[in-house]
Amino acid sequence: MRKLTEFVMPIKVFAAMIFFGLIGLYVASGILYAAWTGEAIEYAVPFVFVFQSAGLSAVIALLWGLFFGEGIFKNRRFFLRYTLFALSMLIVLAICFFTFLAVPAEWIRMWSLAAFVVFAGTTVFLSFNELYYKRTGERYVEILNAYKKSLR
């Protein structure tokens with residue numbers, strides 16, 4: 001039971017954060033879309049969207065826990081784990097798109113904007129992470145080399 005709790009609790013917390021982010025992204029993209037196009041938009045969150053977001057949040061959190069947690073992929077390279085995560089997310093999002101295809105046209109435009117924002121944010125985040133870890137690794141190698149020289 002303890003192992004199950006140790007696995008489920010971080011995923012539950014992460015799913016809650018994703019759910020909050022999806023709802024916030026929905027509202028923010030609605031505001032930006034209304035400002036950009038000048039069209040009036042309903043700011044109320046549809047009830048069905050709440051269920052869709054809750055389910056999607058749970059799936060994203062499970063995939064994240066699988067690929068980036070202490071599971072079977074923990075010893076793999078980050079690039080491989082992220083690629084597998086992104087491919088699995090594409091499959092999940094394609095299933096969601098084709099399952100909920102009968103959505104109003106303004107939702108598709110809003111979600112396209114939201115998807116672009118998430119893609120751009122992820123790209124910037126990963127770029128900063130790569131630069132940070134590269135510089136940290138270089139500093140570590142310099143310190144290690146200096147330590148090796150001091151031992152001689």
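This one's a predicted model, so the numbers in the text were calculated from it and none came from an experiment.
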To the nearest 0.5 Å, tell me how far T136 OG1 sits from L131 CG. 10.5 Å

Verify same cluster id: L56, M17 (apolar side-chain graph, 4.5 Å): yes

Using 0.5 Å steps for rounding, measure from the OH atom of Y133 to the OH atom of Y140. 15.5 Å

May I ask you to decide if V50's main-chain N or O and S53's side chain share a donor-acceptor pair within less than 3.5 Å? no

Please report the closest heavy-atom contact between A15 and S57, naming both atoms and the distance. O-CB, 3.4 Å

Can you measure from OH (Y147) to CD1 (I143) and round to the nearest 0.5 angstrom? 13.0 Å

Joint cluster assignment, V13 & L63, ILVMFWY side-chain distance < 4.5 Å: yes

